[in-house]
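Ligands are counted one by one from 1 in listed order, and the atoms in each one are counted from 1 as well.
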Amino acid sequence: MPKLPQRFSLDGRKALVTGASRGLGVTICDVLSAAGADIVAVARSEADMAETRRIVEGHGRQCLTVVADLSDPTVPDAVAKTVTAAWGGVDIVVNNAGVSFPRPLVEQTVEEWDTVQAINLRAPWLLARAFAPGMIERKRGKIVNISSQASSVALIDHGAYVASKAGLNGLTKVMTAEWAAHNIQANAICPTVVWTPMGERVWSVGNKLEKLLEKIPAGRVATPEDVADTVLYLASDASSMVNGQEIFVDGGYTAL
Ligand code: NAP
């Protein structure tokens, strides 16, 4: 990685990244560790986090993997306990784990709805709630919530998902309102479609991708790097006056 201006460096920082076993989460771990951060990788599959560990250690940083099912409301506190015992806490929390069960509103089940809210919305609150006291004590912290373009524009067959991401944007603002005085910055990133296992599963059906691309002025979907570079900015001192914002990484989709 080219030499970064010091304000973008994460040297000496510890970053927790959820959903770190595949897709966007792996690239976020790659970019943050390349910038100097040690990484706590969180997901359900230990085996799938082996590649994440290899990447992080390849940058000369430490990687602690924590197996956790974030749909369980007792788990975020347990994760925080494990991480605090091992590393004393973290400077950066990236709430990236997310799920969707694409289905028309009239067909969506209550179980699917609840699972989406539990992972996409409740877990970010519970993890932030668990780590914020340490950040307040150290008078420094960064929370980056991976939301979606779908937090502010309708996405057919994604009612539960859209509601969870709109909620996440609102939650981000309250984090800022309550914690900004303690030098904690909380921001949401709202990407358009990103080509990850989730993106591919949803958008490679029929001519869906073609139709979507007509609405993105940039003429392409986002890469995991497009999003991870924005996470780096929001995790670094370079963004210390950026707080409570929704940063759209959407190639101009929402500008039209
Ligand atoms: P992905 O490829 O499906 O990866 C999802 C990650 O979340 C995996 O690491 C998965 O790990 C983890 N996860 C799922 N359920 C979990 C649970 N119950 N407990 C703990 N971890 C869990 O998705 P992605 O595309 O990388 O998406 C990452 C984030 O970006 C999500 O918040 C998504 O909403 C958002 N986003 C994605 C797109 C897109 O087009 N891809 C666009 C906008 C926003 P395990 O299965 O090992 O637990």
Original post:
Taking it one step at a time, do E214 and K211 satisfy salt bridge (Lys or Arg N to Asp or Glu O under 4.0 Å)?
Top reply: CA-CA 5 Å; E214 286 169 11; K211 283 173 74 179; over 6 Å; no
Flag side-chain contact, heavy atom, 4.5 Å: [X] against [Y]:
X: H59; Y: D30; result: yes
X: V231; Y: V17; result: no
X: L126; Y: D77; result: no
X: Q149; Y: T254; result: yes
X: W125; Y: V174; result: no

Please compare [options] and report which has the shortest non-hydrogen distance to [atom].
atom: atom 44 (C) of ligand 1; options: A123, S147, S71; result: S147
atom: atom 46 (O) of ligand 1; options: E46, M49, R44; result: R44
atom: atom 13 (N) of ligand 1; options: A68, A97, C190; result: A97
atom: atom 8 (C) of ligand 1; options: S21, A150, P124; result: S21

Decide whether an N or O pair under 3.5 Å exists between [X] and ligand 1.
X: S148; answer: no
X: W203; answer: no
X: P191; answer: no
X: K165; answer: yes
X: V193; answer: no
X: L70; answer: yes
X: S45; answer: yes

List every atom of ligand 1 that sits less than 4.0 Å from any heavy atom of [X], numbering the atoms from 1 in the order shown and giving each element.
X: V99; result: 14 (C), 15 (N)
X: T192; result: 42 (C), 43 (C)
X: G199; result: 40 (O), 41 (N)
X: L24; result: 26 (O), 28 (C), 30 (O)
X: P197; result: 2 (O)
X: G23; result: 2 (O), 26 (O)
X: A20; result: 9 (O)
X: I146; result: 29 (C), 30 (O), 32 (O), 35 (C)

Name the closest protein heavy atom to [atom], giving the residue it belongs to and the distance to 0.1 Å.
atom: atom 5 (C) of ligand 1; value: G98 O, 3.9 Å
atom: atom 39 (C) of ligand 1; value: V194 N, 3.4 Å
atom: atom 23 (O) of ligand 1; value: M198 CB, 3.4 Å
atom: atom 28 (C) of ligand 1; value: N96 OD1, 3.2 Å
atom: atom 4 (O) of ligand 1; value: R22 NE, 3.5 Å
atom: atom 12 (C) of ligand 1; value: G19 CA, 3.6 Å
atom: atom 24 (P) of ligand 1; value: T196 OG1, 3.5 Å
atom: atom 18 (N) of ligand 1; value: D69 OD1, 2.8 Å

Could you check whether atom [atom1] of [X] has more than 12 heavy atoms from other residues, nucleotides or ligands sitting under 6.0 Å from it?
X: E137; atom1: CD; answer: no
X: R201; atom1: CZ; answer: yes
X: L256; atom1: CG; answer: yes

Original post:
Counting heavy atoms only, which part of A222 comes closer than 4.0 Å to ligand 1: side chain, backbone, both or neither?
Top reply: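 It is neither part, as no heavy atom is under 4.0 Å.
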Original post:
Taking only residues two or more places apart in sequence or in another chain, which ones pass salt bridge (Lys or Arg N to Asp or Glu O under 4.0 Å) with R61?
Top reply: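 D38.
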**OP:** Would you tell me whether D72 and T74 have side-chain atoms, one donor and one acceptor, within less than 3.5 Å of each other?
**Re:**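 Short answer, yes.
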Original post:
So, are E246 and K173 salt-bridged, with charged N and O less than 4.0 Å apart?
Top reply: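 Answer for the salt bridge query: yes.
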Subject >> Carboxylate-amine/guanidinium contact R140 D237, below 4.0 Å >> reply: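 Here R140 does not pair with D237 in a salt bridge, since their nearest N and O are not under 4.0 Å apart.
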Would you say [X] touches ligand 1, if touching means a heavy atom closer than 4.0 Å?
X: D48; result: no
X: I119; result: yes
X: Y161; result: yes
X: V26; result: no

Subject >> Result of checking V202, V193, L213 against K208 for side chain to side chain contact (heavy atoms under 4.5 Å, CB included) >> reply: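 Exactly one pass, corresponding to V202.
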